[in-house]
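Reading through the structure tokens given below for one structure.
Protein chains get the first letters and strands the later ones, always in sequence-line order, with residue 1 at the start of each. Keep in mind that the numbers below use all heavy atoms, side chains included, and drop hydrogens, waters and symmetry copies. Computed from a predicted model, the values in this text were never measured in an experiment.
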Amino acid sequence: MDTVRELVQFMQPNQRLDLKAVALTHVLGLTGSSEGKSAILSLDEMLMAIFGLTYDENQTVAKDAVLSLINLTAEEEAAIKVFQLAKQVQPTFAIVEVAAKHVTDEQSDLADPWSMVLSNLTRVESLVHEILGTLEKDEQTLPRLAKAFAQLDYNKKKAKLHYLAPIFCNLTQLCCHRKYQLLEKLLPFASFEGSVVRRGGTIGILKNVCFDVVYHDVILDEQGSILVAILQPLCGPEEFSDEDNDLLPIELQYLPESKTREEDPDLRKMLLECLLQLCSTRRSREILRSKGVYEILREYHKWEAKVAKDSDCLLACENVVDILIKPSIQANLSS
Amino acid sequence: MEELAAQRTWTEEERLELAAQLDADLDAFIDGLEKKRYEEGWPEDRWQEEMDKHPFFMKRAPQPGDDVHPMFEGLQKLKYDPEENTRDELALNYKEDGNFYMKHKKFRMAIYSFTEGIKSKTENPDVLAVLYNNRSAAHFFIKNYRSSLSDAQRALFFKPDYTKARWRSAQCAYELERFDVCTQMCEELLEVDVDHKEANALLHKNKMKKLEIERNQRKEAAEAKRRLTRFHRLRDAIEQRAIKFDDQRVGKKAALTEELLQPKFLPLEDHSVHLDEDGSTLVWPAAFSYPEFLFSDFQQKLPETATMQDCLATLFAEPLPCDKAQSYRQGNVNVYYENRKVGCVHKVAVEKQLAEIIAEKGFFVSGGALLFYVVPKDSRVEQEFIHQQRRPMVYS
């Protein structure tokens with residue numbers, strides 16, 4: 001504890017660079033263990049020092065400071081503590097604004113680390129509402145974050161910004177901002193092979209959206225691009241007859257031999273849960289049937305049973321198929 | 001004169017006198033000038049012609065080949081001479097010309113004018129942006145979408161917020177099926193103006209077209225693959241049976257091509273040999289030639305499991321129209337095939353299945369089909385046919 005307190009004086013902005021760097025490296029090491037984390041979290045001055053160093057001119061120092069924050073916000077209680085403290089200090093450390101600013105800055109070297117901090121913070125249910133409020137203050141922020149996510153080469157310093165996916169996913173738990181223009185841009189990433197984080201976050205968003213019945217009409221509209229995003233990872237290379245192909249949405253017709261399915265079983269399960277949610281009204285079920293969802297799941301079930309063999313996924317699939325193949329027996333769901 | 005000017009007051013008389021004096025001086029001067037007739041005027045009888053030639057009064061522009069009035073040339077020089085104009089002025093002059101042509105739908109002339117404007121090497125980016133943009137419009141109207149896109153992009157280079165040029169780029173990209181460029185242009189337009197109705201519509205139309213084309217490509221690929229698999233199975237079946245072809249090169253392991261299997265006889269064109277639905281029986285096109293009548297019957301789909309007997313039954317189910325003597329009946333004919341390599345004929349045992357006949361040493365598939373000759377038994381026609389002179393085929 002005392003060591004921690006001693007380090008604080010070396011972590012002031014006007015200190016010598018080498019002292020700052022060494023002290024911070026030590027702190028970063030401490031954040032790797034739970035004792036270290038508690039020690040740091042119990043000392044407000046240390047947290048304030050870390051906040052201060054995120055502004056440091058030296059990129060390594062700044063980066064280490066942000067990395068420390070990532071570790072410190074990894075757990076819910078700690079995240080709350082960090083968030084509250086940031087508000088209380090004088091001057092206020094506008095942690096959300098700073099994070100957003102770095103993520104939307106094309107030239108920032110710290111975009112990825114800050115996105116991870118924000119991802120941690122938004123995971124906490126009690127904080128999400130307030131964070132969203134802060135982000136919505138400037139109406140440009142969310143669209144810019146969406147652009148940063150959708151445009152793969154947005155950040156010129158090679159930051160991948162994959163963690164924007166979980167950020168959006170966490171934000172969509174609140175129903176007030178399921179804005180569809182935003183969603184359209186994010187949809188292709190439900191099949192993004194380069195990063196399971198990106199894929200997972202996007203699929204999480206889809207699931208949150210499907211949970212609200214009000215939006216089913218939008219999801220199952222003419223365009224159907226949201227439905228396609230859900231179905232695509234479940235489709236494989238198997239050939240369908242011409243008649244079956246005609247039922248399917250155009251993006252899913254005549255898929256080539258090279259098509260692979262989503263490899264993470266948790267994500268597959270989430271997609272199936274989306275479909276299950278969409279089966280809740282009779283109208284939706286009819287639309288799903290007319291788009292060949294049964295045919296897709298039939299082939300998917302064969303593959304899951306023979307190749308992937310995840311029992312949770314098989315069960316989830318069977319739940320959906322059961323509902324789809326019972327046209328006149330109405331389940332005890334609202335019509 | 002000086003003395004007169006020095007006087008302060010003038011009387012009326014003195015003024016009048018001075019005036020008269022001045023008049024007289026002028027007359028004297030004029031009279032002193034060389035006397036010449038005014039010859040530069042227009043002759044009275046041809047004044048209308050001259051009017052038409054004069055640049056200020058001409059009713060139509062001079063066409064190539066016309067004599068050009070010197071004044072017209074002078075005006076031209078004034079307008080287009082690089083020495084008379086700064087680069088900017090020159091460029092703007094050409095721009096005006098171009099716009100004029102655009103209004104009158106003379107798009108190629110407009111392109112020429114704008115090009116000259118660009119060649120003036122003005123450095124003003126706004127002027128260049130407009131020149132490229134307008135040339136892009138001209139190209140667009142005559143459907144030169146590639147040139148139009150290229151010019152519109154150049155215009156954007158000089159003036160990045162040039163909405164008209166960006167919108168035209170989007171439209172050109174759509175026509176050229178460069179879907180990603182179109183999407184990008186539309187999105188940029190929508191970033192600036194979220195309600196740009198046409199951009200929204202085009203974005204949608206573009207996406208639909210892209211998806212459709214992609215799907216059609218995938219469908220094509222799937223069908224091509226199916227065709228190939230079918231062909232490979234057919235090829236394997238034929239190779240398994242060691243069937244020989246007339247046109248195939250002997251000696252080398254010549255590959256079986258679709259070309260080789262394409263029937264050369266017109267009535268059999270669309271019925272090349274294929275495997276039946278079970279994938280086990282070959283189905284052949286065949287020609288039955290009647291040397292007596294010099295005409296042939298064609299059977300498009302004979303399974304290899306059918307016997308020659310069966311084929312004859314079908315052929316003579318009804319008598320041949322040209323067979324007056326009714327000698328061509330099922331039990332009354334002999335069937336032969338030619339071995340062109342050796343130059344002789346072989347008689348067919350009619351109880352045999354086609355597959356067995358094809359497997360005989362001397363049988364070759366000819367022109368992608370089975371070829372048989374039918375003659376009445378023990379007839380002169382038959383004798384002539386058998387002894388007809390045949391030369392063995394020369395190997396290439």
Go through the atoms of A/Asn245 and report whether side chain, backbone, both or neither lie under 4.5 Å from a heavy atom of chain B.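 For A/Asn245, there is no contact with chain B at all, as no heavy atom is under 4.5 Å.
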For [X], look at atom [atom1] and say whether over 12 heavy atoms of other residues, nucleotides or ligands are found less than 6.0 Å away.
X	atom1	value
B/Phe114	CZ	yes
B/Lys264	NZ	yes
B/Glu177	CD	yes
B/Arg146	CZ	no
B/Lys159	NZ	yes

Within the distance-only criterion (no hydrogens, no angle test), does the side chain of B/Arg218 pair as donor or acceptor with the backbone N or O of A/Tyr254 below 3.5 angstrom?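 Yes.
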Do A/Gln151 and B/Glu187 have side chains that approach each other closer than 4.5 Å (heavy atoms only, starting at C-beta)?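 No. Closest side-chain heavy atoms not under 4.5 Å.
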Between atom CD1 of A/Ile250 and atom NZ of B/Lys207, what is the distance when rounded to the nearest 0.5 Å?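 Between atom CD1 of A/Ile250 and atom NZ of B/Lys207 there are 10.5 Å.
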Measuring from atom CZ of B/Arg226 to atom CD of A/Glu239, what distance do you get when rounded to the nearest 0.5 angstrom?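 Those atoms lie 5.5 Å apart.
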Is B/Glu191 in contact with chain A via its backbone, its side chain, both, or neither, using a 4.5 Å heavy-atom distance?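 Interface part for B/Glu191: side chain.
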